[in-house]
Amino acid sequence: VPYWMAIVAVPALVQFRSLEAVLRGQGRFGAMNLIEITLPLTMLAFLGLTEVIWGLTVYRAIVAWSLGCLPPVLIGYAMLDLRHWPRRLADISLLKPAVHFGVQGQASNLIQLLNYRLDSYLVLWLVNAGGVGLYAVAVSFSEGLWFIANSVAIVLMTNLTAGEDEYAAR
């Protein structure tokens, strides 16, 4: 397994999410959606080309997937002005509170994920594996409704944070 590809994939995905957040913060939802759609499409294209040219193995799939993260990042940077590009690392005085907040947020996300999936184990304990399968499909369909709420929340949050105080209060 090419663990060394994490040197490419992890920074690329972090930059991708950062670019996505900057575009969202600017209210450029078309550009944000473009790079959001580009990510799985480039990964699919890289995996497909790898299969056609060399044949997929686990090693080649990881390399293709990792390299597939790079084009959306490049496209995202091409959509930003140069003044929004990163220039240097933040001061340590800014990093400490950001890391503290991030650790708290990720801990709550982990607890929330466990809470969401604990019900599957409960269904397994009460019914059987077939019941868990039906339950998982039903949960996936119902969670699809979150796409609507999340897309509205993204637009509203950007308008509230970027708008004037009277607009936010209203």
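Checked against side chain to side chain contact (heavy atoms under 4.5 Å, CB included), P97 has no partners two or more places apart in sequence or in another chain. R17 is linked by a salt bridge (Lys or Arg N to Asp or Glu O under 4.0 Å) to E20, E36, counting only residues two or more places apart in sequence or in another chain. Judged as a side chain to side chain contact (heavy atoms under 4.5 Å, CB included), and not counting sequence neighbours, the contacts of E51 are L56. Take R117 and apply the side chain to side chain contact (heavy atoms under 4.5 Å, CB included) test, not counting sequence neighbours, and it matches L113, V139, E143. Remark: R60 pairs with T50, W54, T57 by the side chain to side chain contact (heavy atoms under 4.5 Å, CB included) rule, at least two apart or across chains.
Hydrophobic clustering keeps V22 apart from L74 (ILVMFWY residues linked when any side-chain heavy atoms are closer than 4.5 Å, directly or through intermediates). If you chain together hydrophobic residues whose side chains sit under 4.5 Å apart, V132 and L126 fall into the same group. Both V73 and L82 are part of a single hydrophobic cluster, where members link through side-chain heavy atoms under 4.5 Å apart. Hydrophobic clustering of Ile, Leu, Val, Met, Phe, Trp and Tyr side chains at less than 4.5 Å, counting indirect connections, keeps L122 apart from L134.
For the pair L124 and A129, the tightest heavy-atom approach, listed with the atom from each and the gap, is CD1-N, 3.7 Å. Summarising the geometry of F16 relative to L39, their closest heavy-atom pair is CE2-CD2, 3.7 Å, with the distance given to 0.1 Å. Across all non-hydrogen atoms, the minimal contact from P11 to A6 is CD-O, 3.5 Å.
Applying the side-chain hydrogen bond (donor to acceptor under 3.5 Å, both in side chains) definition to pairs two or more places apart or across chains, those involving residues 120-142 are D119-Y135. Sorted by first and then second residue, the salt bridge (charged side-chain N to carboxylate O under 4.0 Å, His left out) pairs involving residues 69-84 (not counting sequence neighbours) are D81-R83. Pairs of residues two or more places apart, or lying in two chains, that qualify as side-chain hydrogen bond (donor to acceptor under 3.5 Å, both in side chains) and include a residue from residues 104-114 are H100-Q104, Q112-Y116.
A donor-acceptor pair under 3.5 Å links the side-chain atoms of N33 to the main chain of F29, judged by distance alone. In this structure a side-chain-to-backbone donor-acceptor pair under 3.5 Å is missing from W65 to M43.
Residue I37 belongs to a hydrophobic cluster whose other members are L41, with links defined by side-chain heavy atoms closer than 4.5 Å. Here F141 is tied into one hydrophobic group with V137, each link being a pair of ILVMFWY side chains closer than 4.5 Å. Through side-chain heavy atoms spaced under 4.5 Å, either directly or across other Ile, Leu, Val, Met, Phe, Trp or Tyr residues, Y59 is tied to V1, Y3, W4, M5, V8, F46, V58, I62, V63, L67, L70. Hydrophobic side-chain contacts under 4.5 Å tie V103 into a cluster, directly or through other members, with V99.
Rounded to the nearest 0.5 Å, atoms OG1 (T42) and CG (L47) are 9.5 Å apart. Separation of atoms CG (L19) and NE2 (H84) is listed at 11.5 Å; rounding is to 0.5 Å. Atom CG in D91 sits 8.0 Å away from atom CG in L95 (nearest 0.5 Å).
A 4.5 Å side-chain heavy-atom check between S151 and W146 finds every atom pair outside the cut-off.
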